[in-house]
Amino acid sequence: MIKLIAVCAVSAFTGVMIQKSRAQDQELKIGVVAAESGSFVSAGNTIVAAARLASQQINDSGGINVGGKTYKIKLYIRDNRTDVNVTIAAARELVNDIGVTAIWGTETHDFSVSMAKITGSAKVLQFSGNSSLGAVLDDKSVAPGGWLHYTFQTEPQEWQRSGSTAEGVLTLLTPLLPHPPQHSVVFVGNDATGQYLSSHYVKALEARGQKVDLVKYPPDTTDFSPLLTRIKGLNPDIVHFWYNGDSTLTAFPQALKLDVAPSYFLFGVDPGIYQQRQLKSDKPVTLSCVPVCWGASPSPVVQEYFKKYFDLGASKGPQSSVSLLYYDYFFMYAKALEKVGSIDKPDQIVDALLSMSYQGVVSPVPLTFNVHHQVTFATQVSLVKPGTSDQFVSTIQQPPPSPPPGDPGG
Amino acid sequence: MEIFFQQLVNSLSVASVTILIGMGITLIFGLAGIVNFAHGEFLMVGGMATWFLVSAGINFFIAVLGAMILVGFLGFVAERGLFRFTLERPMNGFIMSIGLSVILQHVVIRLFNEVQKTIPDPIGQVWVVHGVDIIVMRAIVIAITAIVVAITYFCISRSRYGLALTASIADPDTAALMGIPVRRYVTGVFIYGSVLAGLGGALMIALFPITPFTGSVVIIRGFAVSLIGGLGNVGGAVVGGLLLGLVDGLSAGYGFPEWTDAYSLVLMIAILIVRPQGLLGGTLGPKAS
Amino acid sequence: MILAFLIAFPLLNLGYRFLSLAITTGVTAIALYGLGIQFGQAGIMSVGHAAFVGIGAYTAAIVAGMFGIGFWLAIPLSIVMSALCAGMVGLPSLRVGGQHYIIITFCFCALLQIILTNGGTFTGAATGLDVGSIDHLFGINFDQLRNIYYLVTLVLIICLVTTYLIINSPYGRTLRAIRENEMLARAIGINIGLHKIGVFMVSGAFAGMAGILQAYYLRHISPILYGPFPSLYLALMIMLGGSRLIYGPLIGAVIVSFLPEIMRLDPIDSRIAYGIGLLIVVLLLPGGVSAGLLDIYRRLRPRSLK
Amino acid sequence: MPALEVIGLQKEFGGVTALAGVDISIETGKIAGIVGPNGSGKTTLFNVVAGVYKPTGGRVLWHGKDITGKPTYEINRRGLARTFQQAMSFSGLSVRENVQISYEHGRSHSATSQRKINWSSPDEILSFVGLDRVANELAGSMPFGNLRLLGLALALSTNPSLLLLDEPAAGLSENESEVLTNLILRLAEMEIGVCLIDHDMFFMGALCERLIVLNFGTKIAEGPPSIVLNDPSVVEVYLGIEK
């Protein structure tokens, strides 16, 4: 037995040594933690696809020039199996065994937070697209020494997105309704993201003169009829199906049958999906995407991105556009490395990221991070022409300058 | 008032599916003492089979039959291949059924994927009766369930086989002495219960989408319904299903929506503690004394 | 030998990934030892065990957040809280038994998840709660993963020893008497009710310990970790590993939470494999994998035991 | 004062009367027998006395103290033990472990029980009933006769002053029956009271010092076997059943 242990130990040790010696020059190790299996797989796959596309483009265009050396990105993709324990094990492996300089991921707030506790103490940068991180990104946690000093939120602050979305929805729907909408019902899944997102959206609607009722449904609901009937009894002008997109795609057809409201807003439903599912309503319907739409985007840059993205074999699903929460930041990170001139000065890289701007795909104006490490960009809202499945009118709404009354920001 | 009636109609259609699964559980549990935790997965498989057949262009109502036959066969295989060996030790049967439920769930994920499945509405019409929107498909589901309940009830309380079955449920040993082939009845009832689950799944996917995880949500309601009504008591399962459906529908309509699932859970726990033998009484369940 | 391996494990230097997974496995095994006593000795199955792990974890997180009580002082609180709640959930078992009670445990577990999700800022709602790191003790820095591993291993060994002592004590025999025949147990003077609630509390205490370790290892907890699904898998692990023998829970935890990772099995395939494994265990190895291994061991070395 | 006194005990099950006001008193150190045809209420009487069922009416006194409706384990701890008709055991455990469990509980509650014997170990009990040679076997794998003895051993190891034996000889061979009879006689010598149920009049007549006859939940006769067995009402009941 002891012999066996000794043999194991020696072989494992030499294995690590070999890996270390091989992995020195001109290779920039970047980790990706995403669900390639389990229930978050559709979101997870988009993160991986975005990472592959971005790193391939960077490497094909000659890599990153840092301090006179040319670095090529080597991706270390780890499946978190939609399990927080595996997420942590993967993050530990990437940070401690492989020694990546940055990690992209992951799908949910919980996983990202647990991961940030590891990346933070190891001074590894983390890019996560969870707007609910706003709840923990504050002056203290992002300060040098804080546990989120190396974490960046690649989705806009929720009050910004809520504000621009509410503005877009009301602007598009008002002319189509017999009287200006006054009463909104927000219908949202009662999970972490749903609770966080809806709290901001309700404030944003109220700030625009709406009387708002918030109805939360249990996360795994499939029969929405009782709750929808209840909403119908509230006589709303607009029903806002907020997070998440999959449940919305189930609930919305049921709502149409029950004739719940004179107009609807579907959050996170891409016009491409609306068309794919052949949804159709005589009542006006508005849509928005996270973060921009792959179907019916007015921006040629975005159209070009999704062409490349789908050409790589990624699937056209409700979550496809999530990839844009991850793609641009590879280029932004590369630019920051070039500016610092070293790949292992994480504090300077954080400073560089905070002080720079980058013109990405996701936004028509350059991307910047604010002091709380959060990015800002505009929101696209589309209106479906009543009675059709494939005719959309889109508007791009810039975020409001400040949080509405009653909203603490974050 | 229209809203209230609409809630009643909603509740009834959901209660229908619960009753179908509860009836299967109550018969199987009552007769064979088998707690089949995979019964919910049988329903899910029925729904998935319907989805698969409908997606292949087959008419919905034929697909329903297909699903019933498939799940009935599944029940046959499960009873003959697995539960037959644990009739003496119900706890082992229960443990095995957990294993079976995990297998079925993940085999379905492996075959298709974990994304929820929907079929286009077999009948998309909506009747408006005095301001109440009645989705025709829901009305059909209620009607089919009512017919199935009536047939089951008639067979059990009137026919010769039904009486023999009732005797077997009440006292399997004596029934066996009287020459009733109890073992064959166990198989028969297992298949019938599975067919009901298959029908439940097929009707469910006609109303709303199902996922590979639907089974484990449904099974708890099914158990609760059969325990609330009293094991082995078909009428009890109907009453239990209506009660639970009503609580669900009305709590969604008038309670705090985010607590919707909690009301029925509390009701189940309360009834199980206060009346372990069920509201209408059935064969006594395993008592802790 | 197994203990020696547990201690030597980090020295193999298999990397942080394995060390992390070993910690997860250890924490799971600690919770399983509670269920092992409850099911293996007293014969009461539960498919709601994760709820008590959750109560331990949330107790630790809440006292840390509200009163600034750190890991070490929170340990007794978590254990006591979980034990009390387990005792309370055990009360219906005095009235209803067998499968009825199993359904009740499942309902309780689902209910707890809903309560945690709707608990507002007190439970951090669906987002859950953040947890700090373990305070230094005797100069040991628990930010190092290896030290967390040793801590978990130490607790695991304590649980193993406790379980061993319980199994071989009059108390353990009393529990087995209840498992085998309640009526007879009563007739020879055993207070069944007291011992049933007692064993729920013991089981809950193990779960509570696992909970606080998990909270401080993950450093962020949320309701989905403690719902019916994790509970079902705990039940599956104990049945796979075998609940009556001392190494059963550990083997169950290793099979389910460690093997698929190191073998890089797809989680869906590995779950199908557990299901099939469970059927095989019930039909062919009623004592679980641990009893099967013991059987093989006995056959290979017949002399050593005579 | 009699050890056990049953006064006007009644028990109904959903309208069916199992016991209709039975009065019985039993002393320690004597062998008493309760006889009666099937369904006469014998086992129900035991179950009510031992606390398995709560009586519908009447009282059970133990050394003058009211123990009516107390939990079974509590009654056992006061020194009143019983065996079961079905020869129950902890079937998944070894014979020694069976007795050990019972022994440990008997010891720990010695303060409240009126103990007559002090077993020094489970093995002493096993050799007393003659199961020492099969001590390591699984209880569930033993033949019926041994299970009966194990049932007796389990009851004995709780240090009772009165034993209620529910049909101890049922299903036993003649040989086994004799072993059992000797054991019961030895118990009486050790000042342990024994009260048996059986419907075998001849077995009971030979063993018991006093017989109590039940029919349809009421006591129809009581006294020494020689008198009771010749009582016309008893003869009528028994002839009616046996023939």
Side-chain angles (χ1 to χ4, degrees), chain B residues 29 33-35 37-38 81-82 85-86 89-110 113-114 212-213 216-217 219-220 223-224 226-227 231 256 258-270 272-277 285-289, chain C residues 39 43-45 47 89 91-115 117-118 125-126 182-183 186 192-193 196 228-229 232-233 235-236 238-240 266-284 286:
Chain B
F29 197 151
I34 297 171
V35 185
F37 202 80
L82 300 174
F85 303 104
T86 59
R89 311 196 64 176
M91 186 50 92
N92 282 359
F94 175 76
I95 293 169
M96 223 162 47
S97 72
I98 292 183
L100 185 62
S101 116
V102 171
I103 295 173
L104 288 175
Q105 220 173 61
H106 290 93
V107 164
V108 167
I109 295 176
R110 181 47 78 230
N113 53 33
E114 74 294 319
F213 307 104
S216 35
V217 181
I219 186 68
I220 289 302
F223 271 137
S226 53
L227 294 176
L231 288 170
F256 299 100
E258 60 265 46
W259 292 89
T260 297
D261 290 343
Y263 297 102
S264 47
L265 289 171
V266 170
L267 178 81
M268 288 185 232
I269 294 173
L272 290 179
I273 293 174
V274 178
R275 274 188 75 87
Q277 73 276 37
K287 243 194 107 194
S289 61
Chain C
F39 178 55
I44 307 168
M45 190 60 205
V47 286
V89 172
L91 283 176
S93 77
L94 305 182
R95 255 186 87 82
V96 292
Q99 294 96 350
H100 280 65
Y101 183 68
I102 294 178
I103 304 299
I104 291 183
T105 61
F106 198 94
C107 291
F108 265 115
C109 193
L111 204 53
L112 178 79
Q113 196 180 11
I114 296 175
I115 291 171
T117 307
N118 292 319
E182 285 193 14
M183 204 174 181
R186 253 192 218 115
I192 303 253
K196 270 192 180 173
F229 270 101
L232 214 54
Y233 278 95
L236 196 136
I238 196 80
M239 292 178 298
L240 266 182
D266 181 276
I268 294 166
D269 291 341
S270 52
R271 280 177 190 164
I272 295 174
Y274 303 147
I276 294 171
L278 194 59
L279 299 187
I280 293 170
V281 163
V282 172
L283 290 176
L284 305 175

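Every chain is numbered from 1, with letters handed out A, B, ... down the list of sequences. Being a predicted model, the structure only gives us computed values, none of them experimental. FYI, side chains are in, hydrogens and waters are out, and symmetry mates aren't considered; it's all heavy atoms of this structure.
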Engineer: Can you tell which part of B:Val108 gets under 4.5 Å to a heavy atom of chain C, answering side chain, backbone, both or neither?
Structural biologist: neither
Engineer: Is chain B contacted by the side chain of C:Tyr274, its backbone, both, or neither, given a heavy-atom distance below 4.5 Å?
Structural biologist: neither
Engineer: Hey, could you give me the CD1/CZ distance between C:Ile103 and B:Phe223, rounded to the nearest 0.5 Å?
Structural biologist: 4.5 Å
Engineer: Measuring from C:Thr105:OG1 to C:Phe108:CZ, what's the distance to the nearest 0.5 Å?
Structural biologist: 9.5 Å
Engineer: When heavy-atom pairs shorter than 4.5 Å are enumerated against chain B, which of C:Leu236, C:Leu111, C:Leu91, C:Val47 gives the highest number?
Structural biologist: C:Leu111
Engineer: Using non-hydrogen atoms only, which part of C:Ile276 is less than 4.5 Å away from chain B: side chain, backbone, both, or neither?
Structural biologist: both
Engineer: Which value, rounded to the nearest 0.5 Å, describes the distance between B:Ile219 atom CD1 and C:Phe106 atom CZ?
Structural biologist: 9.0 Å
Engineer: Mind listing the side-chain donor-acceptor pairs of residues 262-270 of chain B below 3.5 Å, one per line with the distance, residues two or more places apart or on another chain?
Structural biologist:
residue	atom	partner	partner atom	Å
B:Tyr263	OH	B:Phe256	N	3.1
B:Ser264	OG	B:Arg221	NH2	3.2
B:Ser264	OG	B:Asp248	OD1	3.3
B:Ser264	OG	B:Asp261	O	3.3

Engineer: C:Tyr101: what forms a ring pair (Phe, Tyr, Trp, His ring centres under 6.0 Å) with it, not counting sequence neighbours?
Structural biologist: C:Phe200
Engineer: Measuring from atom CZ of B:Phe37 to atom CD1 of B:Ile95, what distance do you get when rounded to the nearest 0.5 angstrom?
Structural biologist: 12.5 Å
Engineer: Highest number of heavy-atom pairs under 4.5 Å with chain B: which of C:Thr117, C:Asn118, C:Leu278, C:Leu279?
Structural biologist: C:Asn118
Engineer: Heavy-atom pairs under 4.5 Å with chain C - which of B:Val107, B:Ile220, B:Val102, B:Ile98 has more of them than the others?
Structural biologist: B:Ile220
Engineer: Measure C:Ile192 against the heavy atoms of chain B and call it side chain, backbone, both or neither at under 4.5 Å.
Structural biologist: neither
